Amino acid sequence: MSNESLPEIPTIPDYAERVLEVAELIPPGRVMSYGDVAEWLGEGGPRQVGRAMALYGGAVPWWRVVRSDGVPLVGHELRALEHYRAEATPLRTTGAGEHRLDMRRARWDGAARTGGHR
DNA sequence: AGCTTGACCGACC
DNA sequence: TGGTCGGCCAAGC
């Protein structure tokens with residue numbers, strides 16, 4: 001018998017939960033692309049990771065999971081850039097004066113290594 | 001069952 | 001540097 005007075009507990013799909021875990025592993029000042037996360041996870045694809053982040057990413061460092069071209073999350077550019085500046089994440093300025101992540105330097109592959117070093 | 005949509009990606013031009 | 005195109009894979013309608 002379910003107690004109808006209890007608050008509804010949002011259930012997070014298992015896959016999404018794994019995505020969130022990976023997001024939490026990314027060290028400050030570094031980022032992973034949606035595709036990187038999917039690849040490391042060995043399941044799903046970039047779009048699945050994107051969906052998971054869109055729906056449940058609010059509780060984790062969402063700004064460290066980005067598009068592979070380094071464009072800050074649309075709709076949250078301000079907040080994201082604030083974090084990047086605070087974490088000293090490598091940025092680059094485009095000709096139009098827009099800030100984008102310098103993926104060459106900011107991309108983190110540490111999680112892809114089993115052991116350890118670089 | 002089929003079509004559209006999405007916090008995507010890589011190749012091309 | 002920047003725009004377009006096709007592919008991708010699951011969720012919604």
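Just so it is clear, the structure is predicted and the values come from calculations on it, not from any experiment. In what follows, chains carry the letters A, B, and so on, assigned in the order in which the sequence lines appear, proteins first and then strands, with residues in each chain numbered from 1. Computed from heavy atoms alone, side chains included, the values below leave out hydrogens, waters and symmetry copies.
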Atom pair distance, as rounded to whole Å: CZ in A:Arg67 and P in C:dC8: 20 Å

Looking at residues at least two apart in the chain, or sitting in another chain, which of them share a ring-ring contact (aromatic ring centres under 6.0 Å, His included) with A:His99? none

May I have the distance from A:Glu39 (atom CD) to C:dC8 (atom C1'), rounded to whole angstrom? 14 Å

Calculate the interatomic distance between A:Asp36 atom CG and C:dC8 atom P; express it in whole Å. 19 Å

Separation of B:dC8 P from A:Met103 CE (nearest whole Å): 13 Å

CG of A:Leu91 to CD of A:Glu98, rounded to nearest 0.5 Å, is 12.5 Å

Residues forming a side chain to side chain donor-acceptor pair (under 3.5 Å) with A:Arg105, sequence neighbours excluded: A:Asp102

Taking side chain to side chain donor-acceptor pair (under 3.5 Å) as the test, write out the residues that go with A:Glu87, two or more places apart. A:Trp63, A:Arg64

In this structure, how many angstroms lie between the P atom of C:dC8 and the CD atom of A:Glu43, rounded? 18 Å

From C:dG2, B:dG6, B:dG10, nucleotide with atom closest to A:Arg51 side chain: B:dG6

Nucleotide nearest A:Arg47 when distance is taken to its side chain, options C:dC8, C:dA10, C:dG2: C:dC8

Take A:Gln48 and A:Asp69, find for each the nucleotide of DNA chain B with the closest heavy atom, and name the residue whose nucleotide sits nearer the 5' end. A:Gln48

Dot-bracket line, read 5' to 3' along DNA chain B, where crossing pairs take [ ] and | marks a partner on another strand, Watson-Crick or G-U under 3.5 Å: .|||||.||||||

Rounding to a whole Å, what distance do you find between A:Arg107:CZ and B:dG10:P? 7 Å

Could you work out, with side chain to side chain donor-acceptor pair (under 3.5 Å) as the rule, every residue matching A:Ser68, not counting sequence neighbours? none

Indicate, with a heavy-atom threshold strictly under 4.0 Å, whether A:Gly45 touches base, sugar-phosphate, or nothing. nothing

Rounded to whole Å, please give me the gap between CG in A:Leu73 and C1' in B:dG6. 13 Å

Residues passing the side chain to side chain donor-acceptor pair (under 3.5 Å) test with A:Arg67, sequence neighbours excluded, are A:Asp69

Rounded at 0.5 Å granularity, tell me how far CE in A:Met32 sits from CG in A:Asp109. 8.5 Å

Compare the minimum distances between each of C:dT1, C:dA11, B:dA7 and the side chain of A:Met53, then state the nucleotide with the smallest one. B:dA7

Return whichever of A:Gly44 or A:Thr94 has its heavy-atom-nearest nucleotide of DNA chain C closer to the 5' end. A:Thr94

Between A:Arg79 and B:dA7, is there a side-chain N or O to OP1/OP2 distance below 4.0 Å? no

Whole-Å distance, A:Tyr34 OH to C:dC9 P, equals 19 Å

Answer yes or no: does a side-chain N or O of A:Ser68 lie under 4.0 Å from OP1 or OP2 of B:dG10? yes

C:dG2 phosphate, OP1 or OP2: any side-chain N/O from A:Arg100 under 4.0 angstrom? yes

